[in-house]
Amino acid sequence: MRQRSERRAAISCPQTTALLAWYDRHHRRLPWRVVPGEHPDPYRVWLSEIMLQQTTVKAVAPYYARFLTHWGDVRALAAAALDEVLKSWAGLGYYARARNLHACARAVVERHGGEFPNSEAELRALPGIGAYTAAAIAAIAFDAPATPVDGNIERVIARLYAVDLPLPDAKREIHRLASALTPRRRAGDFAQAMMDLGATICTPRKPACALCPWHKGCAAHARGDVEAFPRRMPKREGALRRGAAFVALRTDGCLLLRARPAKGLLGGMTEVPTTEWLEEFDERKARAGAPHLSAGQSNRRVAWRRIPGTVRHVFTHFPLELSIYAAVCPARTSAPDGMRWAALDHIAGEALPSVMRKVIAKVVADGRTGDRTTAKIQNRKDLR
DNA sequence: GAATCGTGGGG
DNA sequence: TCCCCAAGATT
């Protein structure tokens, strides 16, 4: 972490003034923003900032609304069970955020009496709040002269000054440059103004420089190669991993599920049973890893059927290809240790990450499980 | 400092 | 189809 005292414009420089004026006219209307002049609820600012980490505004909006209907303040969220939070977060990705969100709510109640602290340092000490988010909350919720630097601001600043050093090494320099522009008053508006500028004008590709309040002083624009900034270090791509996933359907309309380990990839989320996901994948061995399902005394193993094709999914650091197996078993089939039967009618409420919904949807689309169960899930829309 | 950690949309 | 990357944090 970098907690250095930053130099700020004693009086707003012309650049700062111009951007704030632009923001007053062209700011985005977003669900977590309040009308100018009103003080935002720190809980809502925090909730939106956590959700917006590496996540688009469009994706966040419905989740934000749903969270507020369930948990209107930090005490309500702190009192919730983690499982319920994970269920509401399912599909949004980066699930450590949900675990930290819950831990943070409890920390705010226990350490701070249910009120968010207003200093960057205290915010930074809370779970899931890093340098960016601490500065963002301080500036937006408490109007403190802090300088959050997100991907938008990195791009805007890198272009404005034609920063040649590639990211992520340039982060320090970009933060210094952004700090120097941050006004003592309206720091929150200034930060949001740069984000809005980056999101609507100074976009990664095909920026609308003609509409930019900063284009006259923009070094990258003067050079004529705006899109070349920010420079970035090339990133290695992860090797393909493979695995098998097993979708067991019971004739009474239930699906076999289990919980993933609390930490790590998709930590704490729900899944259908799967093998490990490895670069070295042996389909024959994988098949042997299918859950052993038998019903009552008859003790006949259910047959697993390979669904043609695969399910592909791309995680941040590796692509995944899953072979899918399906089985239909009698209603009295019991669940193996550590697994449970979940009603398909309530599958939408399960903490299933997107990759698992894809897997289940694949079986549904295949549509050859051959009984009423198929018809039941084929009618469900929440699998997409 | 480098790896890990999701997902969906846009060009 | 492929590639980029979005209001980053944690270990």
* Pairwise 5' ranking along DNA chain B for A/D169 and A/V355, keeping only the more 5' one ->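 By nearest-heavy-atom nucleotide position, the 5'-most residue is A/D169.
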* Nucleotide interval of DNA chain C bounded by contacts with chain A (heavy-atom cut-off, under 4.0 Å) ->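 Contacts span C/dC5 to C/dT10, reading 5' to 3'.
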* To do: Assess the side chains of A/T55 and A/R97: does a donor N or O sit below 3.5 Å from an acceptor N or O?
  =>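 On atom types as modelled, these side chains qualify, holding a pair under 3.5 Å.
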Without decimals, in angstroms, what is the distance between [X] [atom1] and [N] [atom2]?
X      : N     : atom1 : atom2 : value
A/L92  : B/dG8 : CG    : C1'   : 11 Å
A/L352 : B/dT7 : CG    : C1'   : 15 Å
A/Q54  : B/dT7 : CD    : C1'   : 11 Å

Report the residues that fulfil side-chain contact (heavy atoms from CB on, under 4.5 Å) with [X], sequence neighbours left out, ordered by chain and then residue number.
X      : value
A/R258 : A/E271, A/P273, A/T274, A/M339
A/R340 : A/L257, A/T270, A/A342, A/E350
A/D24  : A/R186
A/T17  : A/S12

Kindly say if [X] contacts the phosphate of [N], meaning a side-chain N or O under 4.0 Å from OP1 or OP2.
X      : N     : result
A/H317 : B/dT4 : no
A/H313 : B/dT7 : yes
A/Y95  : B/dT7 : yes
A/S354 : B/dG8 : yes

* Only pairs at least two apart or in different chains count here, so list each salt bridge (Lys or Arg N to Asp or Glu O under 4.0 Å) that has a residue in residues 272-294 of chain A. =>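 As it turns out, the salt bridge (Lys or Arg N to Asp or Glu O under 4.0 Å) pairs with a partner in residues 272-294 of chain A, which skip direct neighbours, are A/E283-A/R306.
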* Asked: When we call it a touch if two heavy atoms are under 4.0 Å apart, what does A/T133 touch: a base, just sugar-phosphate, or nothing?
  ->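 Counting heavy atoms under 4.0 Å across all strands, the contact made by A/T133 is with sugar-phosphate only.
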Write out a two-atom table: protein N or O, nucleotide N or O from nucleotides 9-11 of chain B, distance below 3.5 Å.
none

Name every donor-acceptor pair, under 3.5 Å, that has one atom in a side chain of residues 157-165 of chain A and the other anywhere in the protein, sequence neighbours excluded.
residue : atom : partner : partner atom : Å
A/R159  : NE   : A/V226  : O            : 3.1
A/R159  : NE   : A/F229  : O            : 2.9
A/R159  : NH1  : A/C202  : O            : 3.4
A/R159  : NH1  : A/T203  : O            : 2.8
A/R159  : NH2  : A/T203  : O            : 3.2
A/R159  : NH2  : A/P204  : O            : 3.0
A/R159  : NH2  : A/F229  : O            : 3.3
A/D164  : OD1  : A/R231  : NE           : 3.1
A/D164  : OD1  : A/R231  : NH2          : 2.9

* For residues 127-151 of chain A, pull every pair meeting ring pair (Phe, Tyr, Trp, His ring centres under 6.0 Å), keeping only residues two or more places apart or in separate chains. =>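 Ring pair (Phe, Tyr, Trp, His ring centres under 6.0 Å) check on residues 127-151 of chain A returns no pairs.
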